[in-house]
Colleague: 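Take this structure, written in structure tokens, and hold onto it; I'll ask about it next.
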2 protein chains.
Amino acid sequence: MFLGNFTHTIDSKGRLSIPVRFRETINGDSNGIVYLTTELDPCLVVYTVKEWSLLQEKIKNLPVMNKGVKEYRRLLYSRASECSLDKQGRILIPQKLRDHAGLDGDTYVIGNNNKIEIWKPERWDLIEAQAEEGLEEIQEELANLGL
Amino acid sequence: MFLGNFTHTIDSKGRLSIPVRFRETINGDSNGIVYLTTELDPCLVVYTVKEWSLLQEKIKNLPVMNKGVKEYRRLLYSRASECSLDKQGRILIPQKLRDHAGLDGDTYVIGNNNKIEIWKPERWDLIEAQAEEGLEEIQEELANLGL
DNA sequence: TAAGAAGTGGGGAAGAGTGGGGAATTATAG
DNA sequence: CTATAATTCCCCACTCTTCCCCACTTCTTA
């Protein structure tokens, strides 16, 4: 389980160190290898090998010819990159992905249960504020669901 | 069951000692490990491993793609942290969480049945006063409910 | 008033995060 | 096809945080 928000720095070589707490899971599930890609949000997403396989399974069961599904698959795979952690626990993020997520210097590495997200701080702060507002609105719904 | 309000101090290293009465439950349910996060209120929430698991179960049963649910999960996980008690019965509260709850120096550690809440005293006093006012208003309703 | 338990504070070792040099590999240009 | 440039990878070194341990103080209880 990936939890928490860590501020790490992307150095001049494009490397980003993964929080130690995440490394344990990555080494266990993945032998130090992760899949890096993008999804619907303007951030990068990191999957362990295990979670990546689960994602593949899910995608297999989606309707093949559906327009949205086709687009989703296209983006997911075209942007995906297999990365391995170096001896210091860092991944090298390809230039294109860095550009796509607007990453440079200080960066948030955020646990989202089964995946890790990498955010440009400004963008995350915005999303977070929106989420808080949204939460107020659905408070009662959540309460009804027992939360 | 967590009961009572204790004033403890967060030291310069960000550590907060958990009241002994709470530790017994934590060691029983959790082997000294707790989950620290935030919810709707401007305070921190502490769950035992057992209670955290129950929360996970509830979340699993929510609709995955629902916007509000996604936001809720994002906030919950991004702010969560697994903490273990040190030999003195303290937890180290991550800087970001301390900032979020405005914690520094004297702090209230409050039992709320199945979870512990950590409050900045000023904020708690406000909430408490509001709750008292609210209670007056709904007194009759409560009476009807058999309280 | 002594003894024990609870809360607090701090020193020091170990670990995490960061930066950079240099070799190896790949890409580019002539 | 070769020479040069760029990128990637591996290693070492430095700093700051975290973790572990011990000690002091206060409060309670006998």
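Letters A, B, ... are given to chains in the order of the sequence lines, protein chains preceding strands, and every chain is numbered from 1. Just so it is clear, the model here is predicted, and its values are computed rather than measured.
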Colleague: C:dG17, C:dG10, C:dG20: which one has an atom nearest the side-chain heavy atoms of A:S17?
Modeller: C:dG17

Colleague: Measuring from the side chain of A:Q88 (C-beta onward, heavy atoms only), which nucleotide among C:dG10, C:dG7, C:dT18 has the closest atom?
Modeller: C:dT18

Colleague: Between C:dT18 atom P and A:D86 atom CG, what is the distance in whole Å?
Modeller: 12 Å

Colleague: Can you tell me the distance, in whole Å, between the CZ atom of A:R90 and the C1' atom of D:dC9?
Modeller: 10 Å

Colleague: What contact category does B:R21 fall into here, base, sugar-phosphate, or nothing, at under 4.0 angstrom with non-hydrogen atoms?
Modeller: nothing

Colleague: For D:dC20, does OP1 or OP2 lie under 4.0 Å from any side-chain N or O of B:K87?
Modeller: no

Colleague: I'd like to know if A:E137 pairs up with B:K67 as an ion pair, taking the criterion as any Lys NZ or Arg NE/NH1/NH2 lying under 4.0 Å from an Asp or Glu carboxylate oxygen.
Modeller: no

Colleague: Strictly distance-based, threshold 3.5 Å: is any side-chain N or O of B:R74 a donor or acceptor partner for the main-chain N or O of A:A131?
Modeller: no

Colleague: My understanding is that only one of B:R90, B:H8, B:R23, B:Q88 makes a side chain to side chain donor-acceptor pair (under 3.5 Å) with B:S17; could you say which?
Modeller: B:H8

Colleague: Could you pick out which residue, B:P94 or A:L92, lies toward the 5' side of DNA chain D when each is mapped onto its nearest nucleotide?
Modeller: A:L92

Colleague: Separation of A:H8 atom NE2 from C:dG15 atom C1', in whole Å?
Modeller: 13 Å

Colleague: Fit a plane to each ring of B:Y35 and B:W52, take the angle between them on a 0 to 90° scale, and name the class: parallel (under 30°), tilted (30 to 60°) or perpendicular (over 60°).
Modeller: parallel

Colleague: Starting from C1' on C:dG7, measure out to CG on B:D106 and report it in whole angstrom.
Modeller: 12 Å

Colleague: Judged by atom type as modelled, is there a donor-acceptor pair below 3.5 Å linking the side chain of B:S78 to the main-chain atoms of B:L76?
Modeller: no

Colleague: Let's test your reading of the model: under 3.5 Å, does the base of C:dG20 pair with the side chain of A:R15 as donor and acceptor?
Modeller: yes

Colleague: Heavy atoms under 4.0 Å, any strand shown: does B:I10 hit a base, just sugar-phosphate, or nothing?
Modeller: nothing

Colleague: Using whole Å, report how far CG of A:D11 lies from P of C:dG21.
Modeller: 12 Å

Colleague: Tell me: CG of A:L85 to C1' of C:dA16, nearest whole Å?
Modeller: 14 Å

Colleague: Between D:dC16 atom P and B:K13 atom NZ, what is the distance in whole Å?
Modeller: 16 Å

Colleague: What is the separation between atom NZ on B:K96 and atom C1' on D:dT17, rounded to the nearest whole Å?
Modeller: 15 Å

